[in-house]
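Everything on this sheet refers to the single structure shown next.
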Protein chains: 4
Amino acid sequence: MIPIENRNVFDSTIEEMLNSLKSEQKMTEKQRRILQAAVQLFAEKGFHASSTSEIAKKAEVAEGTIFRHFKTKKDLLYALVAPMFIKFATPMILKDPKRIIGESEKSAALVLEELFANRFQLFNENWPRIKIILQEAQIHPEIMEALIENIARQARILGGQFVQERMQAGEFRELPIHAVTRAIFSTMLGYLFFAHAFPEESDEKTDIQEMVDILLHGIKKTV
Amino acid sequence: MIPIENRNVFDSTIEEMLNSLKSEQKMTEKQRRILQAAVQLFAEKGFHASSTSEIAKKAEVAEGTIFRHFKTKKDLLYALVAPMFIKFATPMILKDPKRIIGESEKSAALVLEELFANRFQLFNENWPRIKIILQEAQIHPEIMEALIENIARQARILGGQFVQERMQAGEFRELPIHAVTRAIFSTMLGYLFFAHAFPEESDEKTDIQEMVDILLHGIKKTV
Amino acid sequence: MIPIENRNVFDSTIEEMLNSLKSEQKMTEKQRRILQAAVQLFAEKGFHASSTSEIAKKAEVAEGTIFRHFKTKKDLLYALVAPMFIKFATPMILKDPKRIIGESEKSAALVLEELFANRFQLFNENWPRIKIILQEAQIHPEIMEALIENIARQARILGGQFVQERMQAGEFRELPIHAVTRAIFSTMLGYLFFAHAFPEESDEKTDIQEMVDILLHGIKKTV
Amino acid sequence: MIPIENRNVFDSTIEEMLNSLKSEQKMTEKQRRILQAAVQLFAEKGFHASSTSEIAKKAEVAEGTIFRHFKTKKDLLYALVAPMFIKFATPMILKDPKRIIGESEKSAALVLEELFANRFQLFNENWPRIKIILQEAQIHPEIMEALIENIARQARILGGQFVQERMQAGEFRELPIHAVTRAIFSTMLGYLFFAHAFPEESDEKTDIQEMVDILLHGIKKTV
DNA sequence: GATGAATGAGTGTTCATTCAT
DNA sequence: GATGAATGAACACTCATTCAT
C-alpha cells in the first residue's frame, strides 16, 4: 500500500494506474508470470507489436487467464508502468533528500557520487520497464506528462534545493540555479546514454569520479 | 544519389534501407504526400498504431497507391528513416569539422556555442523523424546499432579530435579525452531533454551561454 | 413431480425439458435464486446475451454453483420454460372447463368476461417467463411446436366445445365453429398486444366489457 | 430515397437506421448476398446466435467483406430492419387511406376484406424480416418503441378515422372508437397467429370473409 | 455442496496486402 | 499509374464449462 500522504503527489492518470495495481508482492504466481512475460515482450517489441496470445504462451497460461487478472491489455501495461512511478519518485523523495539536504556536512563531491551511483543502480535494475515507459510516453501524452510532472519536476525541485544550499554556503559559484541543476541532470542523462551506447568502455566507478570532477569544476567556486 | 564513398559507412541493414530509397527529391507528388502523412502519423501514434488506411486518407491517395510505391508498410518506414541517417551523419562529418578543427583560432566557447546552436537546429527541424527513429531503435537492435555506429561513434570521434586539439594547445585540463567528450555530449543531450520537458522556461540563446559557461569552467584550465 | 397421466401430453422435446426439471418447490434456496436471476436476465436481454457470470452475480452465488445444479446453460433455460407448459396447460384443462362447460346456465357474456379476466391475470403474473418462451419458440421449432400442440391446440379444442354447445343451444349464430373460436382468441390476443403497446389507455374491466360486447354482437343470434 | 415529407414520421432511432441504409436497390451484388444471408440466419437463430463468420460463409464472401459494407454487426441488423419500417408504414399511409377513407361509397365489408388481404400479403412477403424485428424488439426497447410509435400508433390513428367516418354515417353502432379499432386489429393479429399455428387448415379468402362477417356483425348497426 | 481460478474455443473487428478494372 | 473492393490471418476479448480445493 502506498502511504496516503504520498498519493497526492500523483495526478489522476497515475492514480488510476495505481488503483489497478495490486501491490506486486501480493500477486499470485500466475499474475507474476503474466507480468514478467509482458515486461519482456513489451520491452523487446513494444506494446502494440506484442500480442496477448504471445504473452500467454510465454507466461505458460491460457490467453483467457490474462484477462481474468487484467481487464484489458492496456491495464496490463499500466500494472507494469505504475510501480515504476512509485519506485522512482518515492525513494528519491523519502530517502535521498535526507542524505543530500540533511547531511550537508558531506562534500558536494561525495554527495553527487553517491547520488549518481544510487540512481544508476535504479536504472540498471529496472531497465526493461523504464524502456517500456519511455516508449509509451512517446505515444501517450498522459504518460509523458505524468512522467514530467511526477518525476522530472519533483527531481528538479529537489536538485534545485541542493544547489541553492551549496550556493548559499558559498561552495558553488553564483549561477542561475536552473542552469546548475540542468548541468547535474545532463551529466547523469549523458552517462546513461554513453554507458548504453558504448558499454564495453565503461567502468562505473571511475566514470562517476571523472564526471563529478568535471561537473564540480564547472560549478564550484575556484579558490 | 548517395555518393559511393559514404555508402560503405552504412552496414548491410542500412544498405537495405537505402536500396528501397528513391532519393526524396525525385519522388512524385503522391509519393511525397504519402511519406509526409506517414511521418506525421508514425511520430504521433507510433508505427504499429498507424494503419495504412489512415495514411492513405491523410495523404489523400487510395490505399492501393501506397503499395504501388512502397512494397510493404515497413518499406515505408525505412524510406522515412534512411534519409535521416544520411542527413545527420554526412553534414556533421563534412561541414562542421571544417569549422571546428579548421578554425582553431576561435575560442572554445564560440566553437561550442556555434556547434550547440547548429545541432539543436538540426534536431528541431527534424524532430518528427528523429522521434520515429528513436522509437524504432528501441525495438530493432539493427537500427540502434546503426545509429550508434554511424552517428554516435562518428560524432564521438570528431568530438574527441576537437578535445585533443584543445588539450594539446593547453587550453583544456589534462583529463581523459572520453570523459571530456562525454561531458560535451551530455550537455547537449541534457538540454534537449530539458527543453522538451519544460518548454516554457527555455530561451535557447541564454541557455546555450549558461551551459557553455559551466561546461568550459569544468574542463578548461584555470589560469 | 408431474403426475404421470399428464406427462404423455408432452412430446419428447418437452419430456427432455421435464427430466431436467426438479419440481420447483423442492429446490434449494440457491437453486431458486439462480432460476429467479435467470428469468429476469433472459426476459430482459435474451438467452444468448445473458452470461452465466451475470446470472451468478445477480443470484449471489459462485459461477460454478450454477453448473452444479444445471448441467449446462441450456438446461437452466429448460428448467425455466418447462414449468410454464404445465402451469398454462393444466389449470386451463382442469379448472376453467368446469366453469365454462359445466355452468352452462351462465350467460355467454359472463363466461367470456370471466375467462378473459382469468387468462389475462395468468399472463400478467407470468409475463417474464412467457416472454422467454416466445423468444425461444421463434428460434427452436421444437418449442414452437410444443407450444402449439400442447397449449394452442388444447385451448382451441376447449374453446370449440364451448362454442358448439352455445350454438346447439341456439344462442350463437350458425357459423363455422373454428371461425368463432378464432374470433374469441383473436380478441384476447389483440387485447394483450394493445395493452402492452398503449398501456396508459387501458382499464382492464371496461376493456373486457367492450370487447365481449362487440364479440358477442358478432357471434350471437339477433333476436 | 425516402421522400422528405415522410421522413419526419420516423423518430431519431429510425432516422439513424435509415442513414446507415443505402437504398437496397443500389446495393452491390456482395452487399445483397450478405444481407440475404443475414436475414436467413437472424430469422432462423436470432441475432446473437448468428456469428459473422457464419454469415460470411453463407454469403460466400470473406468475413472482412461484411465489415467493409456494414461497420458493425449491429449495423447489419439495422440495414435489415430499417426498410421494413418504411415498407410497412408508408404504403399504409399513402395508398390504403385513399381506398379506405376516400372510397367511402364502398361497403365496409369490401373495404375490410381488401385491407386484410393487402396487409396479410405484406406480412407473408416479409415474414423473415418481421420475425427478426419482433425478436429484437423484445430485447431492445428503442426498437419496440419505434415499432409502436411509427407503425402501431399510425395504423391505429388511420383505423380510428375509418371507424369514426362509418359511425358518423350511421353504419356502425355507437361504440367507443378505440374499442372498434381494437376489434379490427385484433381480428387481423389473431388471424396471423392462427394461420401460423395451424397452417394446414387455412384458406385465406374464406377465412377473411368469415372474419369480416363476424367483425361487422359485432360493430354494425342492426337494421 | 460450494467455490472461483483456469481454460481455450469462439467472437466481432482490424488490417496489410492483392488485383481486376 | 491509380484505384478501392475484397481478402483472410491475426487481434483483443468473452464465455460456458471444468475441477482442485
Side-chain angles (χ1 to χ4, degrees), chain A residues 28-31 33-34 47-57 59-76, chain B residues 28-31 34 47-57 59-77, chain C residues 28-31 34 47-57 59-77, chain D residues 28-31 33-34 47-57 59-76:
Chain A
T28 69
E29 160 71 5
K30 301 238 160 177
Q31 278 173 310
R33 283 225 305 273
I34 291 166
F47 176 73
H48 261 102
S50 309
S51 72
T52 49
S53 82
E54 248 179 323
I55 295 168
K57 202 176 292 171
E60 289 178 310
V61 297
E63 205 172 348
T65 307
I66 293 176
F67 293 93
R68 173 159 291 279
H69 295 294
F70 306 92
K71 247 164 75 82
T72 67
K73 193 188 170 195
K74 204 154 205 175
D75 279 355
L76 183 52
Chain B
T28 68
E29 162 69 6
K30 303 230 162 186
Q31 281 173 308
I34 292 167
F47 175 74
H48 265 100
S50 310
S51 70
T52 49
S53 83
E54 247 179 324
I55 297 167
K57 201 179 293 171
E60 291 177 309
V61 297
E63 207 172 347
T65 309
I66 293 175
F67 291 90
R68 185 149 295 282
H69 294 295
F70 307 92
K71 240 165 74 85
T72 69
K73 192 188 170 194
K74 204 150 210 174
D75 280 352
L76 181 52
L77 174 65
Chain C
T28 70
E29 162 69 5
K30 301 230 166 188
Q31 281 173 310
I34 291 167
F47 174 74
H48 265 99
S50 309
S51 69
T52 49
S53 83
E54 248 178 323
I55 296 169
K57 201 179 293 172
E60 290 177 310
V61 296
E63 207 171 347
T65 308
I66 293 176
F67 291 91
R68 186 150 295 281
H69 294 296
F70 307 91
K71 242 166 71 86
T72 68
K73 193 188 169 194
K74 205 149 208 172
D75 281 351
L76 182 52
L77 175 65
Chain D
T28 69
E29 160 70 5
K30 302 238 162 182
Q31 278 173 310
R33 284 222 307 270
I34 292 167
F47 175 74
H48 261 101
S50 309
S51 71
T52 49
S53 83
E54 250 179 321
I55 296 168
K57 203 177 291 172
E60 289 177 308
V61 297
E63 206 171 349
T65 307
I66 293 176
F67 292 92
R68 173 158 292 277
H69 294 295
F70 306 92
K71 246 164 75 80
T72 66
K73 193 187 170 194
K74 204 153 206 173
D75 280 355
L76 184 51

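Chain letters run A, B, ... following the sequence lines, proteins first, then strands; residues in each count from 1. It should be emphasised that the depicted structure is a prediction, and the values quoted were computed from it without experimental measurement.
Of the listed nucleotides (F/dT3, E/dT18, F/dC13), E/dT18 has the atom at the smallest distance from the side chain of B/Phe67. The side chain of D/His69 approaches F/dA6 more closely than any other nucleotide in the set E/dT3, F/dT17, F/dA6. Distances from the side chain of D/Thr65 to the nucleotides F/dT7, E/dA16, E/dG12 place F/dT7 closest. Across F/dT17, E/dT13, F/dT7, the shortest atom-to-atom separation from the side chain of D/Thr72 is found for E/dT13. Here the side chain of C/Ser51 is nearest to one of E/dA2, F/dC15, F/dT3, namely F/dC15.
Going from atom CD1 of B/Ile55 over to atom P of E/dT17 covers 11 Å, rounded to whole Å. If you take CG of D/Leu76 and C1' of E/dT11, they are 15 Å apart, rounded to a whole angstrom. For the pair A/Lys57 NZ and E/dA6 P, the computed distance is 20 Å after rounding to whole Å. As rounded to whole Å, 15 Å separates atom C1' of E/dA5 from atom CD1 of A/Ile66. D/His48 has its NE2 atom 15 Å from the C1' atom of F/dA16, to the nearest Å. For the pair A/Ile34 CD1 and E/dA6 P, the computed distance is 8 Å after rounding to whole Å. When the P atom of F/dA16 is taken as reference, atom NZ of C/Lys74 falls 13 Å away, rounded to whole Å. Atoms CZ (A/Arg33) and P (E/dA5) sit 16 Å apart, rounded to a whole Å.
Remark on DNA chain F: of its neighbouring residues C/Phe47 and B/Glu60, the 5'-side contact belongs to B/Glu60, judged by nearest-heavy-atom nucleotide. Residue A/Glu63 is the one, among C/Lys73 and A/Glu63, whose nearest nucleotide of DNA chain F lies closer to the 5' end (criterion: closest heavy atom). Ranked by how close their nearest DNA chain E nucleotide is to the 5' end, D/Ser53 and B/Lys71 are led by D/Ser53.
Shortest non-hydrogen contact noted between B/Phe47 and B/Leu77 is CE1-CB, 3.7 Å. The two residues A/Ile34 and A/Ile55 have their closest heavy-atom pair at O-CG2, 4.0 Å. Between A/His48 and B/Ala49 the shortest heavy-atom distance is CE1-CB, 3.6 Å.
Side-chain contact check for B/Glu63 and B/Ser53: no donor-acceptor pair (N or O, by modelled atom type) lies under 3.5 Å.
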| remark: Here DNA chain E, pairs taken as Watson-Crick or G-U under 3.5 Å and shown with ( ), [ ] when crossing and | when to another strand, reads .||||||||||||||||||||

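Checking the phosphate oxygens (OP1, OP2) of E/dG12, a side-chain nitrogen or oxygen of D/Thr52 falls inside 4.0 Å. At the phosphate of F/dT7, OP1 or OP2 sits under 4.0 Å from a side-chain N or O atom of D/Lys30. Here A/Arg68 reaches the OP1 or OP2 of E/dA5: one of its side-chain N or O atoms lies under 4.0 Å away.
The line from CD1 of C/Ile66 to NZ of C/Lys30 is 11.5 Å long, rounded to the nearest 0.5 Å.
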